[in-house]
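Not measured: the values here are computed from a predicted model. Every chain is numbered from 1, with letters handed out A, B, ... down the list of sequences.
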Protein chains: 2
Amino acid sequence: MPATGTDTLPAAPMAPRMEDVARLAGVSMMTVSRALRAPGTVSAPMLAKVRAALRQTGYLPNLVASGLASSRTQVVAAIIPLISQPFAPTLQGMTDVLRASAYQLVLGVTHYDPRQEEALVRAFLSRRVDGIALFAGGHTEETVAMVRQSGVPLVEMWADPATEVLVDSVCVSQRLGAREAVRHLRARGRRRIGFIGGATANNIRQQARLRGYLDGLDEAGLPDDPAAREVAGCFLMEAGAEALARLLTRRPDLDAVCVASDILAVGVVFEAHRRGLIVPDDLAVTGFDDAEIARAMYPSLTTIDMKAEEMGRQAAAMLLERAGQGGRVDLAAMPSRRCDLGHALILRESS
Amino acid sequence: MPATGTDTLPAAPMAPRMEDVARLAGVSMMTVSRALRAPGTVSAPMLAKVRAALRQTGYLPNLVASGLASSRTQVVAAIIPLISQPFAPTLQGMTDVLRASAYQLVLGVTHYDPRQEEALVRAFLSRRVDGIALFAGGHTEETVAMVRQSGVPLVEMWADPATEVLVDSVCVSQRLGAREAVRHLRARGRRRIGFIGGATANNIRQQARLRGYLDGLDEAGLPDDPAAREVAGCFLMEAGAEALARLLTRRPDLDAVCVASDILAVGVVFEAHRRGLIVPDDLAVTGFDDAEIARAMYPSLTTIDMKAEEMGRQAAAMLLERAGQGGRVDLAAMPSRRCDLGHALILRESS
DNA sequence: CTGAAAGCGCTTACAG
DNA sequence: CTGAAAGCGCTTACAG
């Protein structure tokens, strides 16, 4: 069977286009387009014809084409440091809100690297997303320049109220939260309160929490002892465990540790048990974020609730509002908005 | 100042287009397009002119337009049940692989609901993604029909090797894994081995793990005691704790529990401690997935490694390969591919 | 190696 | 309320 004529082959089953639906319904493309986006503006008989044709063809609108024509992609980007606690709930909150508005979420992970954040912002601007949610602080100059020039709606999440932000932001009181943790430990009679946190470079959250710890010591008239502070290598439980081990080598007499992350705090509690220390009797521990495990573990973990999921919901809502108002944002002219979620000390068994 | 003439207003700072770059460089749009996508096909002097213009304008290609023109969006969709352990590492693996190929990831969350999965598949097909990664099993008929008709490259993740899949798949031996967990507990001398898992409706992973547990009992000549099995209400640690509480009410003499999820198993261990039971002396516990906490907790958790991150990497790689080969997939004509990651028993302190 | 033309599948803006 | 025309910003396919 040589040289099969192309006319004898079944046509490639192309996805039906709006024009196909229109022809089948006996109306113009515009009527189909309206029936889809604003059914109220189409007469009942027309609408019925269109809907029948829609059903018959199994038509799926091409959102790439509509994105090009309308300059609105109905896509929002989320840029997070890691796909893990406590950021996963923030992502969850965003997808929940976006779903209700038929928006989709594109995801980028920076691994706490400002250069990777820059590459992601560039990629998302190229995709003409309708908004970008990212973490406050630690941006390169180029990232800031691109965002400003593009005018894309932007919201910075996990900012401390004192953080300088670019435009809109959702913030939580991280500095006050850490101070409250120290106050609480003092009220429980603890006198030698250590601190374990993550690296502060490019991480304004860890910076604010460390400052809050120092505020707390200061307020209590306790001296800051740098040897009673330790930095965990990364945000893994094991890194928290290792940090406690190093800390106890230098300061075996600590009776409390304020830990700037639940993930690290969980590792701290496990390491304490491993060493035969009883939490909280021998060592009180407070965490940060109120991750799932803080409530579930035994002993349960006293922590500062950062409202991770609500933060995602608010960020998505702010982005949708900007997008609904027309899209472009002039950073110089528009008033920026801030949503402050505060913080909450959650008392549990570990302190 | 009435009626400001529009010609006196500064033009809205539109993002530069390829045409603007071409004009500045004194070349045609095609040359700019080639310089961007296949620099090797452009002469050195031309390339230099284009690159200078690119730099000067700060041009960001419009990927929406190029997606429409080329029918390739460079976007892949991931549809997962929940943004949490053990799926977060799968997502992480996908983003890592996709980043290297300049693909982006759109995310959808089903909450284990086939109807939500269907809505997400529809939305992603409308966006003309170049591939979809979703979880094996639990699809509606409509989901299957849409995927088949669209011909979009698809890969099902977290399948058991025996699972019937639509096209390509990445699988892990969940049934064999559970059997091995029971074997291990038997070898440790345990005789009354209970089981805790999640709901099996729409969840082939939990189905396979339960079957593997029954295989293990059968192999050991132990009778299946339905009262020694319990279903957790959801995949939260607390649900695991509650499940153990119910189980011990009926069968207080269990000396081991095979748990079909690390998250649940962690809750089981905490609940055991809460009740003064020593793990593993009084109660041995095995988990499933090898989540971060399995290694970090004290006592550390014996578990079955499901290679969550590698699964994401493989799924992304398979999708990229299909996309690179031209895109459309004819399910009837093309051979489907399967990647089997096996499983591994990780021995730790809890058993 | 370079470019002019046509077209991807929609929506915007304007008529009627 | 409905429709014909133009255009969104690229790439494909074809010439030279």
Residue pair B/L105 / B/A78: nearest heavy atoms and the distance that separates them: CD2-CB, 3.7 Å
What residues, two or more places apart in sequence or in another chain, satisfy salt bridge (Lys or Arg N to Asp or Glu O under 4.0 Å) together with B/R313? B/D96
Any A/T31 side-chain N or O less than 4.0 Å from OP1/OP2 of D/dC1: no
Determine which pairs satisfy side chain to side chain donor-acceptor pair (under 3.5 Å) with at least one residue from residues 60-70 of chain B, sequence neighbours left out, and list them in order. none
Qualifying salt bridge (Lys or Arg N to Asp or Glu O under 4.0 Å) pairs with a residue from residues 47-65 of chain B, counting only residues at least two apart or across chains: none
Taking only residues at least two apart or on different chains, which pairs with a member in residues 105-115 of chain A satisfy salt bridge (Lys or Arg N to Asp or Glu O under 4.0 Å)? none
For A/T90, enumerate each residue passing the side-chain hydrogen bond (donor to acceptor under 3.5 Å, both in side chains) test, keeping only those at least two apart in sequence or located in another chain. A/W158
Dot-bracket pairing map - DNA chain D, Watson-Crick plus G-U, both contacts under 3.5 Å, | cross-strand: |||.||||||||.|||
How would nucleotides 4-16 of chain C be written as a contact map, 5' to 3', with B for base contact, S for sugar-phosphate-only contact and - for no contact, using protein heavy atoms under 4.0 Å? B--BBBBBB----
Among all residues two or more places apart in sequence or in another chain, which pass the salt bridge (Lys or Arg N to Asp or Glu O under 4.0 Å) test with B/R338? none
Sorted by chain and number, sequence neighbours left out, salt bridge (Lys or Arg N to Asp or Glu O under 4.0 Å) with B/E118 holds for B/R122
